[in-house]
Number of protein chains: 2
Amino acid sequence: MNKTYTWRVKEPRWLSEREFDAWLAYLTTSHLLERRIEEQLKADSGLTHSQYEILARLSAAPGKRLRMTELARLVVVSKSRLSYQIGRLEKIGLVERVSCASDERGVVATLTGEGARCLERTAPGHLAVVRAFLIDHCSPDELTTMTRIMRKAAAAMEAAGSPPS
Amino acid sequence: MNKTYTWRVKEPRWLSEREFDAWLAYLTTSHLLERRIEEQLKADSGLTHSQYEILARLSAAPGKRLRMTELARLVVVSKSRLSYQIGRLEKIGLVERVSCASDERGVVATLTGEGARCLERTAPGHLAVVRAFLIDHCSPDELTTMTRIMRKAAAAMEAAGSPPS
DNA sequence: AGTTGATGGTTCAAATTTGAACAAGACCTA
DNA sequence: TAGGTCTTGTTCAAATTTGAACCATCAACT
């Protein structure tokens, strides 16, 4: 409860106290959660959260394969970052790069058997963290509210267009 | 801490569809939002989100100054990362390092006048993004729900202790 | 076919982050 | 007071991320 944010109340275009509380809570918790997730994944499987997300998206995709650009869009990472991480996952045999049939330029990232097995082995511990620190504390109502809020936000950013790097 | 997760691994509890939707929505939106924030801050002020958070926390602190460790805790970053970023902010004159009086080892990060001015100048654009893409889409009820959820999650992580540094 | 303008993916240098190691103080207690 | 043990903050090498530059291909025309 710090009153030092004088600018907070000077102008209505700043955040109200209630809004500010929500934003600060969101911001702090997202950082803490990310830290916990990284910690657990690293310890139990050597994966980073980014890598886990890549594997999970591939696993959920039809044929367990996705074009690089589409994968980057789904995981929300830059092309160069995805390129690097796919290279890393390829090196440890969890993913394979296959050149695309219909588009000579294209590359299809494909989950290997080993990759699927790694994900299967890793998911429970990861989801346990997600549960223990977030999901299990939400009532069904809270869960739907969170989903609704997050989707509205995503839609707003979608509508704004532009910054996909 | 790793052992703590192990018992859950034995009896994997997958996420229900509703839970998974919430988690996925949260995850995706948090990435998208971070991207938007980074983009806006970089364009309008040359700051990163991390640096902005540091300045904001300092500004809110009594005397606009905080010990390194406390600042790292509030912003939720590692000590080495904070050390690097404070060095960067110091180099451009937004922050000063002052040695602590009561503890010879200690360092007090202090917001300079220039730093305060930079924050003042930068905040509106930043908050506009936070509003446009998240806050303004939340009803008062949704806002309180989000705050409640996030605080419960933070509390759960707090209670779990042994947080990484 | 040839031109033009987007798109897909990689690559490179520079900047940042990570995590462990380190030095210097503080703190406890016998 | 000495010895042992936390704490604080920095530093270093290695890993990762960033963002622009780049090449090859595609798609739509002419």
Side-chain angles (χ1 to χ4, degrees), chain A residues 31 34-43 46-54 65-92 95-110 161-165, chain B residues 1-2 31 34-43 46-54 65-92 95-110 161-165:
Chain A
H31 289 335
E34 188 59 22
R35 175 181 275 191
R36 293 288 183 166
I37 289 172
E38 287 293 357
E39 172 202 36
Q40 183 274 328
L41 280 176
K42 179 92 45 181
L47 295 174
T48 66
H49 191 195
S50 226
Q51 293 176 329
Y52 180 92
E53 288 186 84
I54 290 171
R65 62 186 60 231
L66 283 170
R67 286 287 294 272
M68 293 296 278
T69 296
E70 174 67 352
L71 184 50
R73 194 185 61 76
L74 289 172
V75 181
V76 191
V77 293
S78 67
K79 291 186 302 174
S80 64
R81 185 174 175 178
L82 179 62
S83 210
Y84 177 80
Q85 285 301 344
I86 288 290
R88 204 113 293 274
L89 290 170
E90 203 174 18
K91 196 155 300 179
I92 56 178
V95 161
E96 247 178 8
R97 270 189 241 241
V98 178
S99 51
C100 182
S102 60
D103 187 337
E104 199 56 43
R105 301 164 300 176
V107 168
V108 182
T110 309
S162 235
S165 52
Chain B
M1 176 50 75
N2 294 333
H31 289 334
E34 188 59 22
R35 176 181 277 190
R36 293 288 184 165
I37 289 172
E38 246 7 299
E39 171 205 35
Q40 184 275 327
L41 280 176
K42 179 90 46 182
L47 294 174
T48 66
H49 191 195
S50 226
Q51 292 176 328
Y52 181 91
E53 289 186 84
I54 290 170
R65 60 187 62 229
L66 284 169
R67 286 287 294 272
M68 293 295 278
T69 297
E70 175 66 353
L71 182 51
R73 193 185 63 74
L74 289 172
V75 180
V76 191
V77 293
S78 67
K79 292 185 301 173
S80 64
R81 186 174 173 179
L82 178 62
S83 209
Y84 176 80
Q85 285 300 345
I86 288 290
R88 203 113 293 273
L89 290 170
E90 203 175 17
K91 195 155 299 180
I92 55 179
V95 161
E96 248 179 6
R97 270 189 243 243
V98 178
S99 51
C100 181
S102 59
D103 187 337
E104 200 56 43
R105 301 164 301 177
V107 169
V108 182
T110 309
S162 164
S165 53

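Chain naming here is simple, since letters A, B, ... match the order of the sequence lines and numbering starts at 1 in each.
Across dG19(D), dG8(C), dA26(C), the shortest atom-to-atom separation from the side chain of Glu104(B) is found for dA26(C). Nearest to the side-chain atoms of Asp103(B) among the listed nucleotides dG19(D), dC26(D), dA26(C) stands dA26(C). In this structure, the nucleotide among dG9(D), dT18(C), dG19(C) sitting nearest to the side chain of Arg81(B) is dT18(C).
Note on Gln85(B): a side-chain N or O is less than 4.0 Å away from OP1 or OP2 of dT17(C). Here Tyr84(B) reaches the OP1 or OP2 of dT16(C): one of its side-chain N or O atoms lies under 4.0 Å away. Listed pair Thr48(B) / dT16(C) fails the phosphate criterion, with no side-chain N or O lying under 4.0 Å from OP1 or OP2. The phosphate of dT16(C) (OP1 or OP2) has no side-chain N or O of Gln51(B) nearer than 4.0 angstrom. A sub-4.0 Å separation between OP1 or OP2 of dT16(C) and a side-chain N or O of Arg88(B) is present. One finds a side-chain N or O of Arg97(B) lying less than 4.0 angstrom from the OP1 or OP2 phosphate oxygen of dT10(D). Distances shown here put a side-chain N or O of Arg67(A) below 4.0 Å from the OP1 or OP2 atom of dG9(C).
Distance CD (Glu70(A)) to P (dT7(C)): 15 Å, rounded to an integer number of Å. Taking atom NZ of residue Lys91(A) and atom C1' of nucleotide dT16(D), one finds them 13 Å apart after rounding to whole Å. In this structure, Lys79(A) atom NZ and dC23(D) atom C1' are separated by 12 Å, rounded to whole Å. The distance between atom CD of Glu90(A) and atom P of dT10(C), rounded to the nearest whole Å, is 9 Å. The distance between atom CD1 of Ile92(B) and atom P of dA15(C), rounded to the nearest whole Å, is 14 Å. Rounded to an integer number of Å, the gap from CZ of Arg35(B) to P of dT17(D) is 14 Å. Summarising the geometry, the separation between CD on Glu96(B) and P on dG9(D) is reported as 17 Å, rounded to the nearest angstrom. The distance between atom NE2 of His49(B) and atom P of dT16(C), rounded to the nearest whole Å, is 16 Å.
Surrounding CD of Glu38(A) are more than 12 heavy atoms belonging to other residues, nucleotides or ligands, all under 6.0 Å away.
Side chains of Arg97(A) and Val108(A) form no contact here, defined as non-hydrogen atoms less than 4.5 Å apart. Taking the side chain as every heavy atom from C-beta outward, Leu71(B) and Ile86(B) approach each other to under 4.5 Å.
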Notebook entry, point to check: Can you list the steps and then say if Lys91(B) with Arg88(B) is a side-chain contact (heavy atoms from CB on, under 4.5 Å)?
Noted result: CA-CA 5 Å; Lys91(B) 195 155 299 180; Arg88(B) 203 113 293 273; 4.0 Å; yes
Item checked: Residue pair Ile54(A), Leu89(A): steps toward the side-chain contact (heavy atoms from CB on, under 4.5 Å) verdict -> CA-CA 9 Å; Ile54(A) 290 171; Leu89(A) 290 170; 3.8 Å; yes
Margin query: Let's go through Val107(A) and Arg67(A) carefully: what are the C-alpha distance in whole Å and the side-chain angles of both, what is the deciding distance for side-chain contact (heavy atoms from CB on, under 4.5 Å) to 0.1 Å, and is it a yes or a no?
Written below: CA-CA 6 Å; Val107(A) 168; Arg67(A) 286 287 294 272; 6.0 Å; no
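Scanning atom types as modelled, one donor and one acceptor separated by under 3.5 angstrom connect the side chain of Arg105(B) and the base of dT7(D). The base of dG19(D) sits within donor-acceptor range of the side chain of Ser80(A), with an N or O pair under 3.5 Å.
Annotation: of the two residues near DNA chain C, Leu82(A) and Lys42(A), the 5′-most nearest-nucleotide partner is Leu82(A).
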